[in-house]
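Everything below concerns the one structure shown next.
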There are 2 protein chains.
Amino acid sequence: MKLSEGVEWGLHCALLLAEAPARVPLPRRVLAEHYGLPEAYLAKHLQALARAGLLHATPGPSGGFRLARPAGEITVLDVLDAIEGAASPFICQEIRQQGTGAARPEECTRPCAIASVMVRAHQAWRESLRAVTLDQLVKRVPQTLRKRNRAKFASNPST
Amino acid sequence: MKLSEGVEWGLHCALLLAEAPARVPLPRRVLAEHYGLPEAYLAKHLQALARAGLLHATPGPSGGFRLARPAGEITVLDVLDAIEGAASPFICQEIRQQGTGAARPEECTRPCAIASVMVRAHQAWRESLRAVTLDQLVKRVPQTLRKRNRAKFASNPST
DNA sequence: AAGTCGTGGATACCTTACATCTACGTTAGA
DNA sequence: TCTAACGTAGATGTAAGGTATCCACGACTT
């Protein structure tokens, strides 16, 4: 079980956009260089975030991405669902209905107990992520770094 | 993010062993046929469960696998850790220290806020799985099916 | 009108999980 | 003691999904 690294990219970019002071959008090139990421591939994930309604994309010169909502209204779960999808990592193959010991259809009216347990665990995971918003994360960024980022993007986002 | 299907196999096999009445071990062939699984590949996962101390393997004729502990002392998490490993699905690549916006080492004394959130979510997931034992799962198997399995393995496990 | 930027599709690569086979060591029973 | 049944371990091949890039297109600002 592994989470795509695009999740980390998306979270850090969203966090950076939450730190940025202004309504001025950050181009994908700036985001990519800020974290040393491949620009073309990062674009895919930024697209996903925009499609999910978390980011707003402005085309044209001096365009780029900005948060579509206040940072307090975007949760970590929102970002994960946009990039990784909301599906459970456990996909029940219903092997209880296969082989010589197959359960009969009338014995499978209730969902498989094993699948239920996995679903509950997945929900616990999601609840934990839903409880954290971007602005809560911003507060945990070291102040010196936060100041540096604010200054960097305040006047001239292209540097 | 996807969980290997070996997890489902391992859980169902452990559950079946918990249902089996006796100390008589079930050979891997029987387990594989009971669920219609490839025997050679299932052996890999059964090995992992045995290495983790959840199952006890008896070699020789009339050998096979049985639970190494009472079903009430084996949790779903035990099985998952044995087959899938206990590692977090999120692996922090520390991209905050890369690129033009790299954080300085003295700004990284505390773990990355994003990584912390992911770790907590993973712990919530694990706690949810740790709370369920095999004998709790046995109780949720339909009675008709449980009876059938008990009868099947009571006298002659090789059928 | 032109250049900058995001969009979406097509494509290739590469890691990892899936699956199988073979050779080997061990044990219960004839 | 011998042997057949069983689990162990490693090597190997295959399939799928994530990673990464490129290009043609449309939209917007200057």
Side-chain angles (χ1 to χ4, degrees), chain A residues 1-10 13 17 23-33 35-66 68 80 82-85 87 89-91 93 95 156-158, chain B residues 1-10 13 17 23-33 35-66 68 80 82-85 87 89-91 93 95 156-158:
Chain A
M1 189 172 51
K2 223 189 75 201
L3 223 40
S4 128
E5 62 182 327
V7 168
E8 185 177 4
W9 301 2
C13 286
L17 291 173
R23 304 261 74 189
V24 46
L26 269 50
R28 66 177 179 203
R29 181 178 55 77
V30 173
L31 288 170
E33 288 173 356
Y35 288 120
L37 304 176
E39 183 182 337
Y41 191 32
L42 176 63
K44 288 261 180 274
H45 297 303
L46 293 175
Q47 269 176 52
L49 293 175
R51 257 197 307 273
L54 305 180
L55 302 187
H56 180 78
T58 311
S62 75
F65 292 93
R66 61 175 174 80
L80 255 114
I83 293 180
E84 190 73 22
F90 181 85
I91 305 141
Q93 301 296 134
I95 65 171
N156 186 5
S158 63
Chain B
M1 187 171 53
K2 222 189 74 200
L3 222 41
S4 130
E5 61 183 331
V7 167
E8 186 177 3
W9 300 3
C13 286
L17 291 173
R23 303 260 74 191
V24 45
L26 268 50
R28 66 176 179 205
R29 181 178 56 77
V30 173
L31 288 169
E33 286 174 357
Y35 289 120
L37 304 176
E39 183 182 338
Y41 192 31
L42 176 64
K44 288 259 182 277
H45 298 303
L46 292 175
Q47 268 177 51
L49 293 176
R51 258 197 306 273
L54 305 180
L55 302 186
H56 179 77
T58 310
S62 76
F65 292 93
R66 61 174 173 80
L80 256 114
I83 292 180
E84 189 73 23
F90 180 86
I91 304 141
Q93 302 295 134
I95 65 172
N156 186 4
S158 63

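Throughout, a chain's letter reflects where its sequence line sits, starting with A, and its residues are numbered from 1.
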Could you tell me how far apart [X] ([atom1]) and [N] ([atom2]) are, to the nearest whole angstrom?
X     : N      : atom1 : atom2 : answer
A:R29 : C:dT7  : CZ    : P     : 16 Å
A:L42 : C:dC5  : CG    : C1'   : 14 Å
A:L37 : D:dT21 : CG    : P     : 11 Å
A:F65 : C:dT7  : CZ    : C1'   : 9 Å
B:H45 : C:dC18 : NE2   : P     : 6 Å
A:Q47 : C:dG6  : CD    : C1'   : 7 Å
B:H56 : D:dT8  : NE2   : C1'   : 14 Å
B:R28 : D:dC6  : CZ    : P     : 9 Å

Review point. More 5' along DNA chain C: A:K2 or B:P59, using each one's nearest nucleotide?
Key: A:K2
Check your understanding: Considering heavy-atom distances to DNA chain C, does A:M1 or A:A43 have its closest nucleotide positioned more toward the 5' end?
Key -> A:A43
Sugar-phosphate only, base, or nothing, as touched by [X] at under 4.0 Å among non-hydrogen atoms:
X     : result
A:K44 : base
A:G64 : sugar-phosphate
A:A57 : sugar-phosphate

When you check the phosphate oxygens OP1 and OP2 of [N], does a side-chain N or O of [X] lie under 4.0 Å from one of them?
X     : N      : value
A:Y41 : D:dT19 : yes
B:R51 : D:dA9  : yes
A:S4  : D:dT19 : yes

Point to revise | Heavy-atom check, side chain of B:L26 versus side chain of B:R66, under 4.5 Å | key: no
Check your understanding: Taking C-beta and beyond as the side chain, do B:P38 and B:W9 meet within less than 4.5 Å on heavy atoms?
Key -> yes
Study note, to complete from the structure: Comparing A:E5 with B:G63, nearest DNA chain D nucleotide closer to 5' gives the residue B:G63
Review point. Where each residue is assigned the nucleotide of DNA chain D containing its nearest heavy atom, which of A:W9 and B:S62 is assigned the position nearer the 5′ end?
Key: B:S62
Donor-acceptor pair, [X] side chain versus [Y] backbone, under 3.5 Å?
X     : Y     : value
B:E39 : B:E33 : no
B:E8  : A:Q93 : yes
A:E84 : A:V7  : no

